[in-house]
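Step one of this worksheet: look at the structure below.
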Amino acid sequence: MRLSASFFDRDDVVQIAQDLLGKYLCTQLESELSVGRIVETEAYRAPEDRASHAYNNRLTPRTRTMFGPPGRAYIYLCYGIHHMFNFVTGAEGTAHAVLLRGIEPVEGLEFMLKRRNLSRLGPKLSAGPGVACKALGLSTQYDGISLLESDSVVWVEDRGDIVSPKDIVQGTRVGVAYAGEDAFLPWRFSIRGNLYVSPGKGLAR
DNA sequence: AAGAGGATGAACT
DNA sequence: GTTCATCCTCTTG
């Protein structure tokens, strides 16, 4: 079943990042259904989190989506090349978000492989925020799209997977060295041992 | 108006 | 391990 507003409309974005593990992110774009099991996430908590684009409630054209209602996609361009997908969470006005960092391909493998220009399955397909986004066909053109409507072309499903806390690896977020002390917050989560967890290393103390 | 830098990934050596 | 592609966003002036 599809996740509804109540799942995203919670203040504890760090908990939501964990709860998203084992859920299924689905896209139906140009009649091509693609489904990936979420295996890696990171939480970004505005306004206090210096790693967040919305640190100190910085409201700009780019970050606007994060201040909107929960259950939408915040998608931005990174390094001029890579599109990054986030789940907007928390009440409208709070700019919390969860970054998607890795999916295990489940359905529509042929579409994902085609989008990535690959012929075989493996981590290169969708382990990493940029490549996971690309595999699912997502880009900044979908920034702000709702995941909650019955006719949404991007949505999240709970297929009954139970991810035990002991199977969740917790670590520091990747690529946020600019965030000072907040770079050490243990807000990266992944499913232990999964092939589609990105190799990126967070900072160690 | 200009410049710096980024929630990365791929292709190198 | 290193380099660099590539462009948008934000800050500063």
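Letters go in sequence order (proteins before strands), and every chain restarts at 1.
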Between Y55(A) (OH) and dT9(C) (C1'), how many Å, whole number? 19 Å
Atom CZ of R116(A) and atom C1' of dA10(B) are separated, to the nearest Å, by 9 Å
Take the protein atom CD1 of I81(A) and the nucleotide atom P of dA10(B), then report the distance between them rounded to whole Å. 10 Å
Compare the minimum distances between each of dG6(B), dA5(C), dT8(B) and the side chain of Y178(A), then state the nucleotide with the smallest one. dG6(B)
Taking only the side-chain nitrogens and oxygens of R45(A), find out if one of them lies under 4.0 Å from OP1 or OP2 of dA7(B). no
Can you tell me if the side-chain N/O atoms of R101(A) get under 4.0 Å from OP1 or OP2 in dA7(B)? no
Residue-phosphate contact under 4.0 Å: Y79(A) side-chain N/O, dA5(C) OP1/OP2: no
Identify whether NZ of Lys or CZ of Arg in R173(A) sits under 6.0 Å from the centre of the six-membered ring of Y44(A) and within 45° of that ring's axis. yes
Determine whether a donor-acceptor pair (N or O, by modelled atom type, separation under 3.5 Å) exists between the side chain of Y196(A) and the backbone of G122(A). yes
Write down the distance between CD (Q141(A)) and P (dC8(C)), rounded to a whole number of angstrom. 15 Å
Does S34(A) use its side chain to pair, donor to acceptor, with the backbone of T27(A) at less than 3.5 Å? no
Does R50(A) reach the main-chain N or O of Y55(A) with its side chain, forming a donor-acceptor pair under 3.5 Å? no
For a quick check of understanding: with a heavy-atom distance under 4.0 Å over all strands, which category does R62(A) fall into, base, sugar-phosphate or nothing? sugar-phosphate
Salt-bridged, R115(A) to E30(A), with N to O below 4.0 Å? no
Between H82(A) (NE2) and dC4(C) (P), how many Å, whole number? 16 Å
Cation-pi check for F7(A) against R10(A): NZ or CZ below 6.0 Å from the six-membered ring centre and within 45 degrees of the axis, yes or no? yes
Nucleotide-level pairing of DNA chain C, given in dot-bracket where Watson-Crick and G-U pairs need both distances under 3.5 Å and | marks other strands: |||||.||||||.
Describe, in one word, how the ring planes of Y76(A) and H53(A) are oriented to each other, choosing from parallel (under 30°), tilted (30 to 60°) and perpendicular (over 60°). perpendicular
Using atom CD of E42(A) as one end and atom C1' of dT8(B) as the other, report the distance to the nearest whole Å. 12 Å
Of dT8(B), dA7(B), dA10(B), the nucleotide closest to the side chain of Y76(A) is dA7(B)
Would you mind reading off the distance between H83(A) atom NE2 and dG9(B) atom P, rounded to a whole angstrom? 12 Å
Taking a hydrophobic cluster as the set of Ile, Leu, Val, Met, Phe, Trp and Tyr residues connected by side-chain heavy atoms closer than 4.5 Å, whether directly or through intermediates, do V156(A) and I168(A) fall within one such cluster? yes
Of the listed dA7(B), dG9(B), dT9(C), the closest approach to the C78(A) side chain comes from dA7(B)
Using atom names, set out every protein N or O paired with an N or O of nucleotides 11-13 of chain B below 3.5 Å, distance rounded to 0.1 Å.
none

Give a yes or no on whether the backbone of V98(A) and the side-chain of T89(A) come within a donor-acceptor separation of less than 3.5 Å. no
Can you check whether any acceptor in the base of dA7(B) is under 3.5 Å from a donor in the side chain of H53(A), or vice versa? yes
From the options dT6(C), dC7(C), dC10(C), select the nucleotide whose nearest atom is closest to the side chain of L77(A). dC7(C)
Look at all strands and tell whether R188(A) reaches a base, only sugar-phosphate, or nothing, counting heavy atoms closer than 4.0 Å. nothing
Examine V88(A) and L138(A) and state if one hydrophobic cluster contains both, with Ile, Leu, Val, Met, Phe, Trp and Tyr joined whenever side-chain heavy atoms are less than 4.5 Å apart. no
Separation of atom CG in D143(A) from atom P in dA7(B), rounded to whole Å: 15 Å
